[in-house]
Protein chains: 2
Amino acid sequence: MAEYESPLWLCPYCGFKDSLWNTYYWKCPRCGKPLRVIYEKDFNPSGRGIARYSSMLPFTPTKTRGEGSTPLVVERINGSILLFKLEYLNPSGSFKDRGTALSIYYGFKIGYLETVEDTSGNTGISVALYSKLYGLKPIVIMPKTAPKGKKALVRALGAELVETPDRSTAATEVHRLIKDRYYVAHTWSYFYIIGASTIAFEVYEEAGIPDYVIVPIGSGGLVLGLIHGFLELVRLKVASKIPRLIGVQGYSACPVYQALRGSIVSKKSSHYADGIMVLNPPRLNEIVDVMKKYGYEIVLVDNEEILDALYELYNMGFIVEPTSAAVWVAYKRIKDKVKGSTILLPLTGSGLKTLIEREPPAGYSPI
Amino acid sequence: MAEYESPLWLCPYCGFKDSLWNTYYWKCPRCGKPLRVIYEKDFNPSGRGIARYSSMLPFTPTKTRGEGSTPLVVERINGSILLFKLEYLNPSGSFKDRGTALSIYYGFKIGYLETVEDTSGNTGISVALYSKLYGLKPIVIMPKTAPKGKKALVRALGAELVETPDRSTAATEVHRLIKDRYYVAHTWSYFYIIGASTIAFEVYEEAGIPDYVIVPIGSGGLVLGLIHGFLELVRLKVASKIPRLIGVQGYSACPVYQALRGSIVSKKSSHYADGIMVLNPPRLNEIVDVMKKYGYEIVLVDNEEILDALYELYNMGFIVEPTSAAVWVAYKRIKDKVKGSTILLPLTGSGLKTLIEREPPAGYSPI
C-alpha cells in the first residue's frame, strides 16, 4: 500500500489523480464523474468521536462538536437481535455531521472563506454548523417545501438561506453560487462516504459484524460509506465478513430500485421521507454495483407506512424523523425472512426538527 | 459503610427510614420533606452510558435509549479552558434522561402501570419516553405556555397531555391524579440527583475535576446532583477536590438568589428560560446550603441576555434551548474573574425543541 504517501484525489472512471492538498474538486475535472480519496489506512482506534478512527481517515479535523460515538441500542425482537444506531444524536441531529466535520475542515484548510450547499435539509443544517465553527460564511439552498423546523435551524445557525421551489431546482441553482466558494456537494463528495464509514467501525467495535444492515438510500452516502467501512475492516484483516444490505427507498424517488428491478408504476407517494427524495444520485452506478454485489433485498415504502413506523419508533423511545422511519417499515416487511440474525438499523435523523409538521393526530397510539 | 445492605429511603430531617424496594414515597411520609436514597457505593466504571457507573447507583435499569456518555467539548477561550458538556444530546434532548431512566425503571419494578408528572417541559418529554419503554401509560401535565415543540413531542411519544394555565397550576393539578399512579415528582426526587451525579463522573474521567462549574438552578436537581457526584468521588478517595459553584437563575424566578442575597426589585423578565422558572423548589434549603458551602457566585439573567447568548452558542455550533444559554450569560459576566481556570458548562437541553418559538430575526448574527 506504499504507492501513495499523502492522500490523493482519484477518478475511478478516467484515472485522473491529484494531491488532495493541491486543489479541491467536487467532481472529476477531466470526465465529470464522482471522485474518490485514496490514502494509507490502519485500524488503530483511540479516543472518542470520529477522531477515534484518525488512522482510517485522510486527516483529522482540529475542531469537534461531538460527532460520532453515538449510542448503539440492542433489542431482542421476533427472535432477532436488532442493533439500533442512534445517529440522530449527532450534534446537528443527523449522521451527516460525520462527513461534514471532514468536508468543512478540508475546505477551511484549503483556504476557502465561504461555503455553499444544496440540500433537502439535514446536510444544510450540518454545513451551517461546521462552517460557523471554522469561521466560514455558509449559504444553504433548500426547497421551500422542507420542514419548517429545518429551515428555522439553518437561519438560527447563522447561514444565509436560499429557498427554491423544489429539491431539483436547489441542485441547479447552487451552480450560480459556487464560484470562489467551497461547494460541499455532499451527494458527490467522498468525504461523506468516509464519514459514514466510521459508523461501521463503531458498530464493529461494540457488537461485531451484523448479518444484515437496513439502510435508507437517498444520495447513497450512507450505504456506500457503511459498505466501504466494513470492506476496509476485511481488507485490513480486522474482520472476516461484511453484512448483507437491505436497501430502502420511497415510491416517489427510487432510482436504485428501478435500476435493479425495472421501472414501476405506482400511485403511492413517499414525500414524508424528504431525506431520501433524491431522483438522480451522482453515484447511482456505484450504489447499484454495491447492491448487486452485497444486496439481499430492496424495499419500497410509502407515506402511510412511514407515518405508522414513525410513531411506532416514538413509542419505542426513538425520536426520529420520518425519513429514518423507513428502515422500520423495511424491517417489518422482511422480519420473518431474517429471523434469528443480527440486524443493524441506523436511525439517521432527529425527529425534533420535524415536530410541527408530523405531529400525530390526537389519541394516536399505534402500539 | 456496612450499616445498610440494600438501598434505603432516608429522611435527613426526621430520620424516617424504609427499604427502597418496600414502598415508593415521593416525599417523607412522616414529615413531608424531600427524601434521600442511601446505599453502598464503589467507583468502578465499566461500559457505556449511565450503566457505566452501576457501582455508584442504587440499581441499574434493564433498558436504555443511550442516556449518558454525552460528548465533552474542550475550548480554550479568554485564557481559560471551557468544558462544554453536551447534555442536549441525550435521547429525549435533555440531561433529565439520566434521572428519568432510574426513576421510571424503579416505578416499573415496584409495580406501577401508569405514571404522572408535572413539568415545564423537558422532564415530561423524558418521562413519556421512558414510561412507554417499560410499557407504562404516561400522563404529563404542562403549562399551556410551554414551547409548542415540547407539547407536540409529549403527544407524539404517546403520553396523555394535560395543559394548565401555568407551571404552578400544573404542580397543584397533579395531585388530583397521583392516586394509584407513579408520581415521578422530579423536583422532589432523589433519583434525579443520582442521575445528574453521573455527569460529574463522566467529566472527572474525561477531564479531571474542573475549578468551576456554571450551573442553571431551577428545581436544583442538576446542582445537587453535580455536587453530590463530585463529593462522592472525594469521599471514595477517587478525587481530592471539588469545583466551586457558579449558580445561574433568571430574574423572574430566583428563590436561591433571594435566600442568599436578599430580595430584589427588578422589572427584568427571564421567562425565555422556561426550564428554570421554578419559584418554590422543594429542595430549596439543600440548594442554599450547597451554595453557601461551595458557591463562588450566583448570577441573575434576563431575556435579552439569554437570547444574545443563545445565538452566540448557535454560532459556536451548540444547538441548545434558551434555558441552557443562561450558563453562557453567566460565563461572560464572570470570565475575567475566573481567567486561567478550567470551567465546566453543562448545556442542558436541545434547541431543536424550541426552533419555532425562538427563531432569530432575519439576518441576526451576533458573532
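Labels below follow one simple rule: chain letters A, B, ... track the order of the sequence lines, proteins then strands, and each chain is numbered from 1.
Considering every non-hydrogen atom in both A/L352 and B/L153, the closest pair reads CD2-CD2, 3.3 Å.
Only the backbone of B/T70 comes within less than 4.5 Å of a heavy atom in chain A; its side chain stays farther off. For B/R48, the part lying under 4.5 angstrom from a heavy atom of chain A is the side chain only. Using a 4.5 Å cut-off between heavy atoms, B/L89 touches chain A through backbone and side chain atoms alike. The part of B/E206 that comes within reach of chain A is its side chain, from C-beta onward, which places non-hydrogen atoms under 4.5 angstrom from that chain. Contact of B/E67 with chain A is not made at all, since no heavy-atom distance falls under 4.5 Å.
Atom CD of A/E75 sits in a crowded spot, with more than 12 heavy atoms from other residues, nucleotides or ligands closer than 6.0 Å.
The candidate from A/L161, A/L86, A/V73 with the greatest count of non-hydrogen atom pairs under 4.5 Å with chain B is A/V73.
Proximity of A/P91 to B/I319: side-chain heavy atoms (C-beta onward) are nowhere separated by under 4.5 Å.
Summarising the geometry, atom CG belonging to A/L129 is positioned 9.5 Å from atom CG belonging to B/N315; distances are rounded to the nearest 0.5 Å.
Under the 3.5 Å distance criterion, the side-chain polar atoms of B/R65 are left unmatched by any main-chain donor or acceptor of A/P71.
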